[in-house]
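To keep things clear, I will list the structure first and then write my remarks on it.
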Amino acid sequence: MTKINKENKSMSKVPNLRFPQFTEEWNREKIGSILTIGSGKDYKHLSKGTIPVFGTGGYMTSVNEYLYDGESVCIGRKGTINKPSYVNGKFWTVDTLFFTHSFQKVVPKFVYYVFEKVNWLKYNEASGVPSLSKSTIEQIEINISCIEEQQKIATFLSLLDSRIQTQNKIIEELKLLKNTLIKKIFSRQLKFKDSNRNDFPEWEVKKIKEVGKFSVGGDLNKLDYKKEKLGKYTYPIYANGEGFGLYGYASSFQYPENCVTVSGRGNLGVANVRYEKFCAIVRLIVIYPDFDIHPKYLQEIINTVDFAIESTGVPQLTVPQISNYSIAIACLEEQTKIANFLLSIDSKIDTEIQILQKLEEQKKYLLQNLFV
DNA sequence: CGCGGATTAGCAAACTATGT
DNA sequence: ACATAGTTTGCTAATCCGCG
């Protein structure tokens, strides 16, 4: 890694961390004087193609025409206004996303990193949906260095960015590997042996309703809870949403440890093991597994089930619906083996996620210190 | 109470009236 | 014709509510 000089002149117009060959002060410039802002446009009338269309949330679709070809930094006009992005090549931006071009005295990549530092929400002028206008953005003042230093910083941070990308890829690959292994294990292509290197007994096909007791999450209004973990509010409340679906914390719990939850709204059919005492929001189905069912095994095998949605209105799953699906149950010893094997992959993924978080912290630190 | 339909909330995108 | 900014739409997920 490149050697960096540490100077502590936080009040002056030089950064805290600097590449050794640079000493001169940075200049204050209005964004409007170093680049031109272009407006996004509707793309609906265009035909499908190979040119990416970007919205404030990122890539959307591909069309056959482009608004601009080259390096550009995009920033939201409405909605998400604090997530700038860097693009290079032919692209189209949606109505609500500005792009930039015709850079003067600045390297586009450098501008991108400066934009990541700007507190855009501060310039929000709308009462409802956050929004920025061209003139507001043009008036914002930022600090820039000479082209050579900009180039150095941009290249350096790009290296870190690509490392972060690699880390994301590692995590994706591990998830993929886990999925592949799960498919092989539950389709019996990959079999575990018992401690005497013998085959385990054949798996028994059971209805989901035969593996434990069922319940569904209750009325939140009857629960004493807070959004944050605070004092007596220690028991997590789980919802149907993405990831672990943490909703808040309650002062008392409804379900014991080691239950399996299945999402009945939203992420339909997604199962999780809840290792702590917890509460559940309406529509979250809770299974108390029988003593001969390993919760982790149950979770993973439920996640392989493809539930059909029967309701006509908002898609949902109910207890009677899911309980009639069949799953294959191994003996408890084999279940435990499978569960521990999958848990070891989970913990490997966790480790990689922690590394990713470290890298992101590092980038944050550098964004704060390599700039004025 | 458990279910399912209806409603609501929050967000991003798309539309549209108005000004230049 | 283009830029701007308020309004509407569409989507997902949470919440409400009446019925058996």
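Excluded from the calculations below are hydrogen atoms, water molecules and symmetry mates; all remaining heavy atoms, backbone and side chain alike, are included. Below, read A as the first sequence line, B as the second, and so on, with proteins coming before strands; counting in each chain starts at 1.
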With 3.5 Å as the limit, what N/O pairs link the protein to nucleotides 9-12 of chain B?
from	atom 1	to	atom 2	distance (Å)
B/dA12	OP1	A/Thr80	OG1	2.6

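Ring planes of A/Phe91 and A/Tyr68: perpendicular class, angle over 60° (limits at 30 and 60°).
Atom CH2 of A/Trp92 is separated from atom P of B/dA14 by 12 Å (rounded to the nearest Å). Between A/Ile81 atom CD1 and C/dA5 atom P there is a gap of 13 Å when expressed in whole angstrom units. Between the P atom of C/dC2 and the CG atom of A/Asp42 lies a distance of 13 Å, rounded to the nearest Å. To the nearest angstrom, P of C/dA14 lies 15 Å from OH of A/Tyr238. One atom, CG of A/Leu97, and another, C1' of C/dA5, lie 17 Å apart when rounded to the nearest Å. Atom pair A/Glu138:CD and C/dT4:C1' shows a separation of 13 Å (rounding to whole Å applied). Across the protein-nucleic acid pair, A/Tyr59 atom OH and B/dA13 atom C1' stand 16 Å apart, rounded to whole Å. Here the P atom of nucleotide B/dG2 and the CG atom of A/Leu317 are 17 Å apart, to the nearest Å.
Figure legend: A/Lys191 and A/Phe200 shown without cation-pi pairing, the cationic atom not lying both under 6.0 angstrom from the six-membered ring centre and within 45 degrees of its axis. A cation-pi contact links A/Lys152 to A/Phe19, judged by a cut-off of 6.0 Å to the six-membered ring centre and 45° from its axis.
One can find a donor-acceptor pair under 3.5 Å joining the base of C/dA5 and the side-chain atoms of A/Arg77.
Side-chain polar atoms of A/Tyr365 and A/Glu361 form no donor-acceptor pair below 3.5 angstrom. For the residue pair A/Glu71 and A/Tyr86, a side-chain donor N or O sits within less than 3.5 Å of a side-chain acceptor on the partner.
Checking B/dA14, C/dA14, C/dT4 against the side-chain heavy atoms of A/Met60 singles out B/dA14 as nearest. Minimum atom distance to the side chain of A/Lys134 is reached by C/dA3, of the listed C/dA3, C/dA14, B/dA14.
Across all strands, A/Phe214 comes closer than 4.0 Å to no nucleic acid atom at all (heavy-atom distances). At a threshold of 4.0 angstrom between heavy atoms, the contacts of A/Asp95 include nucleobase atoms, whether or not backbone atoms are also involved.
With A/Thr36 as the partner, the side-chain contact (heavy atoms from CB on, under 4.5 Å) test is satisfied by one option alone out of A/Glu138, A/His101, A/Gln104, A/Lys134: A/His101. For the side-chain contact (heavy atoms from CB on, under 4.5 Å) criterion with A/Ile285, the lone passing option out of A/Ile322, A/Ile302, A/Val260, A/Ile208 is A/Ile322.
Side-chain nitrogen and oxygen atoms of A/Tyr247 include none within less than 4.0 Å of the OP1 or OP2 phosphate oxygen of C/dA13.
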